[in-house]
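Proteins come first, then strands; the chains are lettered A, B, ... in the order of their sequence lines, and each starts at number 1.
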Amino acid sequence: MTRDSSSQKSGILIVGECAKEIPVALVFELLGLGRRLGSGGLGEVSVALLGNPAPEVFAALIAGGAERIFVARTPAREHYESDVWLAALADILARTSPRLILAGHTALGADLAPRLAFRLKAAIATGCERLVLSGDKLHATRPCFGHKAREVLALKTHPSIVTVRARTNEAIERSSERSGEIVEVAIQAFDNRAIPRVTARKYDDTGEGPRLESANVVVAGGRGLGGAEGFETLAKLAHILGGAVGASRVACDLGWCPRSWQVGLTGKTVTPSLYVAVGISGASHHMAGCGNASAILAINSDPEAPIFKEARFGLVGDYRELVPALVTELARHKTAA
Amino acid sequence: MRIHVCLKEIQNPEISASIFKIDEEQRVAIPLAGLPLVTSPFDEQAIEAALRIRDKGATCRITALSFGPDTAQRAIKRALSMGVDDGILVADAGRETADSMETAYILAAAIKRAGDFDLILTGRQAADWDAGIVGCGVAELLRIPVITFAMNVEVRGSRVVVERVLEDGSEIVEAPMPCVVTVSNELGEPRKASLRETMRAAKKPIEKWTCESIGITPGNLPFEERPQQRERLFIPTKDACCEMVTGASPDEVAKNLVSRLATTRLI
């Protein structure tokens, strides 16, 4: 670890997390953030990739702002565990010495980043929403206390490590005009038996309709639904709005819906233009996942529910009556339009 | 087998934002007077994970380990009342403002001092600062594997088998023990204190250690000069104002709402 000085500004390295061999949307958001910090003085933006990515993956990353791609060729593995990433990053970091390492705040990034920080004795800030460079200092803003407060951390080491929450930073417009360099990195062998090994993977049934994270409308239900069947009512509303269905942690913990529907501090972050919160009280750990929606419509039988303080529109009453009425009215509106 | 559960006592994270207070000057939360502190919920789920391993027939000694003020004994006692066997409290005297990295270092030192162990369980993050660094740090400092975000933890022979929460599903991960596992809320409700265990808890030992007693002295932490420093703590302001849409019947409410959504271009 070396303390930062103004002369040490040698770029940004982004962990190129992929799902089913395609970089996740968050990687492009990190590229957008990286390019903004890069032109602010942090220098070149690189992406670390693992495995044997298809040529389109390189092209997409370069179009999205990557100026260099380090690709660590690993033996074919269906799923890349953070231990493989740690080994690959050690090899990549022997070739480059970034001031900043960025990863998504995901099941991968939130696992990888703290471990990397201890190995490198580096500053770390997890689950950040905002990252700014002022002079040669990096300042990370992150939610804490269940999203009730924010702390700003000054990151003093070279490199510093930051995990960034989804949909808190804008990707830049992709352009095929951009060019970038591809650097092959040999990965050292590591003892497969001594590390955790993924033996099986289950994907939740996402059903039809848009993905929760990218939906323009999200209809979410909480404890106030009173049971799993409430989600059937919400699905009808989501369908007519062209949206996805989400849920509060309580609804997931009660087994009323798949866990992957969870919106909140420990679930997904969504930024739809309209977020319909049905029977959700509005605990701050839930708002952590939907607080950046353009508008919230709250439907709750309790007029005192904190969600109304966060909402643009509010309906007080029984969702079992209000939601079907809303579905009918929206259908009428659609036909009229 | 020996299981350690690392836990932290915090202000109840469920309190509403309207009564949550901070000291901007000191950059800390101000606990509400008269409100009892609680065990960080994810750590309670880690206790539950340990007890379920025993319920499945493993012979194990489960130790609750906390680094904190003297009052954190109550969190250890609550763990004992749930069925944990004994406790260790490392006093934070002189290190009250320890950050995640210092805490990981101190917990790792305490675990080493406590002798052989097989499994270390802790919450995915403490529900105050929500950082999620300590569990991974303890594993790195002890040079053992870590599996994060567990929703199910089982011991099979010398290996631990974990179902791990992902964005779009879950995966089964196996690791050799000793190993650290961080537990997520998907594990399910922790059990309540039982009368039988509460009666027994009074007799269960809680050891009180100091940082010095486990070899942590001023100046010997690699993180003594913090790599990251909290510059500011604040509560974001809200300027939202909710428009309540009403009507004589659900149909009328729906009609009024759709009209407002249309004029504000939300549909």
Side chain, backbone, both or neither of [X] within contact of chain B (heavy atoms, under 4.5 Å):
X        : answer
A/Leu212 : neither
A/Thr163 : neither
A/Arg249 : side chain
A/His147 : backbone
A/Leu297 : side chain
A/Asp111 : both

Task: Between B/Asp168 and A/Ser260, a side-chain donor and acceptor under 3.5 Å - done: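 No, no side-chain donor-acceptor contact under 3.5 Å.
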- [ ] Any chance you could lay out the side chain to side chain contact (heavy atoms under 4.5 Å, CB included) test for A/Arg312 and B/Leu266, step after step, and finish with the verdict?
- [x] CA-CA 11 Å; A/Arg312 171 89 181 276; B/Leu266 285 168; 4.2 Å; yes
Task: Test: B/Arg230 and A/Glu151 ion pair at under 4.0 Å - done: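 Yes.
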- [ ] Before accepting this row, confirm whether a basic side-chain N of the pair B/Glu167/A/Lys268 lies closer than 4.0 Å to the acidic partner's carboxylate O.
- [x]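 Between A/Lys268 and B/Glu167 there is no salt bridge, as every charged N stays at least 4.0 Å from the carboxylate O atoms.
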State, with a plain yes or no, whether a side-chain heavy atom of [X] is found less than 4.5 Å away from one of [Y].
X        : Y        : result
A/Thr328 : B/Asp251 : no
A/His285 : B/Asp130 : no
B/Pro250 : A/Leu322 : yes
B/Glu252 : A/Glu329 : no
A/Cys144 : B/Leu233 : yes
A/Asp253 : B/Glu189 : no

Measuring from [X]:[atom1] to [Y]:[atom2], what's the distance to the nearest 0.5 Å?
X        : Y        : atom1 : atom2 : answer
B/Gln228 : A/Leu153 : CD    : CG    : 6.5 Å
A/Arg115 : B/Thr148 : CZ    : OG1   : 8.0 Å
A/Thr141 : B/Glu231 : OG1   : CD    : 9.0 Å
A/Phe145 : B/Ile15  : CZ    : CD1   : 9.5 Å

Per-residue contact mode, [X] against chain A (heavy atom under 4.5 angstrom):
X        : result
B/Ala139 : neither
B/Leu141 : side chain
B/Val160 : neither
B/Phe42  : side chain
B/Ser16  : backbone

Under a 4.5 Å heavy-atom cutoff, which of [options] has the most pairs with chain A?
options                                : result
B/Arg27, B/Gln125, B/Glu14, B/Arg164   : B/Arg164
B/Val134, B/Ile267, B/Leu257, B/Ile22  : B/Leu257
B/Leu261, B/Val258, B/Ile235           : B/Val258
B/Asn185, B/Val253, B/Leu166, B/Val173 : B/Asn185

Open item on the list: Using a 4.5 angstrom heavy-atom cutoff, name the option from A/Leu265, A/Val217, A/Val316 with the most pairs to chain B.
Closed with: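 Maximum pair count with chain B is reached by A/Leu265.
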TODO: For each of A/Ala295, A/Gly314, A/Gly267, A/Ala325, tally heavy-atom pairs with chain B at distances under 4.5 Å, and name the one with the top tally.
DONE: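 The residue among A/Ala295, A/Gly314, A/Gly267, A/Ala325 with the greatest pair count is A/Gly314.
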Does a sphere of radius 6.0 Å around [atom1] in [X] hold more than 12 heavy atoms from other residues, nucleotides or ligands, not counting ones at 6.0 Å or beyond?
X        : atom1 : result
B/Asp23  : CG    : yes
B/Glu96  : CD    : yes
A/Arg223 : CZ    : no

Testing the basics here: between [X] and [Y], what is the closest heavy-atom pair and its distance to 0.1 Å?
X        : Y        : value
B/Phe234 : A/Val152 : CE2-CG2, 3.9 Å
B/Pro236 : A/Ala149 : CD-CA, 4.2 Å
B/Gly137 : A/Phe118 : CA-CE1, 3.3 Å
A/His333 : B/Ala262 : CE1-CB, 3.7 Å
B/Phe149 : A/Ala110 : CZ-CB, 3.7 Å
A/Pro114 : B/Cys136 : CB-CB, 3.7 Å

- [ ] Tell me, with the steps shown, if A/Gln262 and B/Glu186 meet side chain to side chain contact (heavy atoms under 4.5 Å, CB included).
- [x] CA-CA 10 Å; A/Gln262 187 191 320; B/Glu186 286 84 354; 3.5 Å; yes
TODO: For the pair A/Thr126 (side chain) and B/Ala131 (backbone), establish whether a donor and an acceptor sit closer than 3.5 Å, ignoring hydrogens and angles.
DONE: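 A pair under 3.5 Å: yes.
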Open item on the list: With side chain to side chain contact (heavy atoms under 4.5 Å, CB included) as the criterion, how do A/Val198 and B/Ile172 come out once you've worked through the C-alpha distance, each side chain's angles and the decisive distance to 0.1 Å?
Closed with: CA-CA 6 Å; A/Val198 176; B/Ile172 306 294; over 6 Å; no
Open item on the list: Checking B/Met151 against A/Arg259 for the side chain to side chain contact (heavy atoms under 4.5 Å, CB included) test, could you report, in this order, the C-alpha distance in whole Å, the side-chain angles of both residues, the deciding distance, and whether it holds?
Closed with: CA-CA 11 Å; B/Met151 56 179 290; A/Arg259 291 182 319 275; 3.3 Å; yes
Open item on the list: Determine whether A/Lys202 and B/Glu171 satisfy the following criterion, salt bridge (Lys or Arg N to Asp or Glu O under 4.0 Å), listing intermediate values before the conclusion.
Closed with: CA-CA 6 Å; A/Lys202 286 188 258 187; B/Glu171 63 189 7; over 6 Å; no
